[in-house]
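Order of listing sets the numbers, starting from 1, for every ligand and every atom in it. We're numbering straight along the sequence, starting at 1.
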Amino acid sequence: MSFLISFEGIDGCGKTTQIDLLADKLESKKIDYLVLREPGDTSISNKIREMLLNNDNSICSESETFLFLAARSQLVREKIIPSIKKGKIVICDRYYDSTLAYQGYGRGLDKNIINNLNIFAINNIIPAITFILDVNAEVAYSRISGNNVDRMESEGISFLEKVSKGYKQIAKSNEERCNIINCKNKDKFIIHDEIMIKVNNYIQKEIL
Ligand code: TYD
């Protein structure tokens, strides 16, 4: 049993907490898994991550898009495909929906072009399940804003609102795969339980 699960949402939505809880659950059930994050997790993708997040860099939206896609292309071929071939469940902290949400809806680039570039980058590796963690943009922004905001986070709250709307559109167009999880004022364990119901349903379907 091997498949890809992606976690999406605006900065500060709590993806990492939920990924950690899911990983602990898989670990306790002795299910083989791998957690990856985007951009990053290969040697070249980590270098690209540094470029993308460094506040000293001025990057136009088109170059930004290509850099995220380059990091993804490498991750797919170097880590995701080999791990799926080994039978692992791969959990991605962000994947191709991030580019449509941030560069398409956030930056306002042509969504058809982004969709086509994404297809080129991912080599047919589409997540079986995508969780989009929905939080209030103001709450999310208050979690990330501080002294150490990176280049993407420094875009501010109105940018996050556009991205958040984008994720809702993406979910509407991909109802089979995408699950919007309403995280507003919810305890992390309640959110985890909702995620586990979806994951268990999918695993059951795979086994039967
Ligand atoms: P990161 O520190 O990993 O943020 P988070 O914990 O919220 O995932 O930084 C990744 C940033 O890059 C984040 O602001 C989202 C953004 N991003 C894009 O704009 N496009 C993309 O395709 C991806 C993968 C990320």
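- Rounding to the nearest 0.5 angstrom, the gap separating the CD1 atom in I5 from the CG atom in L22 is 5.0 Å.
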> Does the pair D97 and I132 meet the rule for a side chain to side chain contact (heavy atoms under 4.5 Å, CB included), with working shown?
Replying inline: CA-CA 10 Å; D97 296 315; I132 298 173; 5.6 Å; no
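- For ligand 1, the atoms sitting less than 4.0 Å from at least one non-hydrogen atom of K15 are 5 (P), 6 (O), 7 (O), 8 (O), numbered in the order shown with element in parentheses.
- Salt bridge annotation for K162-E155: absent, with no cationic side-chain nitrogen under 4.0 angstrom from a carboxylate oxygen.
- Between atom 9 (O) of ligand 1 and the options L69, L160, L53, I144, the minimum heavy-atom separation is to L53.
- Considering backbone and side-chain N/O of R94, one or more are found under 3.5 Å from N/O of ligand 1.
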> After noting the C-alpha distance and the side-chain angles of Y33 and E27, does the key distance pass the side chain to side chain donor-acceptor pair (under 3.5 Å) rule?
Replying inline: CA-CA 8 Å; Y33 70 94; E27 187 87 49; 2.7 Å; yes
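- Annotation: Y202 is in aromatic contact with F3 [ring centroid separation under 6.0 Å].
- By the 4.5 Å heavy-atom criterion applied to side chains, I59 and R151 are counted as neighbours.
- Of the N or O atoms in Y102, none lie within a sub-3.5 Å distance of an N or O in ligand 1.
- Between I114 and Y105 the shortest side-chain heavy-atom distance does not fall below 4.5 Å.
- Separation of atoms CG (N116) and CD1 (I113) is listed at 8.0 Å; rounding is to 0.5 Å.
- Residue nearest to atom 3 (O) of ligand 1, selected from R143, R49, R37, E8: R49 (by heavy-atom distance).
- The closest heavy-atom contact to atom 21 (C) of ligand 1, among the options F159, Y96, F68, comes from F68.
- Distance from atom 10 (C) of ligand 1 to its nearest protein heavy atom, with residue and atom name: P39 CD, 4.0 Å.
- Against a heavy-atom cut-off of under 4.0 Å, D11 is close to the following atoms of ligand 1: 4 (O), 7 (O), 13 (C), 14 (O).
- Not a single heavy atom of E153 lies less than 4.0 angstrom from ligand 1.
- Nearest-residue assignment for atom 22 (O) of ligand 1 (options T99, I10, L75; heavy-atom criterion): T99.
- Residue R72 approaches ligand 1 through these ligand atoms, each under 4.0 Å from one of its heavy atoms: 22 (O), 24 (C).
- Residue Q103 has at least one heavy-atom neighbour below 4.0 Å for each of these atoms of ligand 1: 18 (C), 19 (O), 20 (N), 21 (C), 22 (O).
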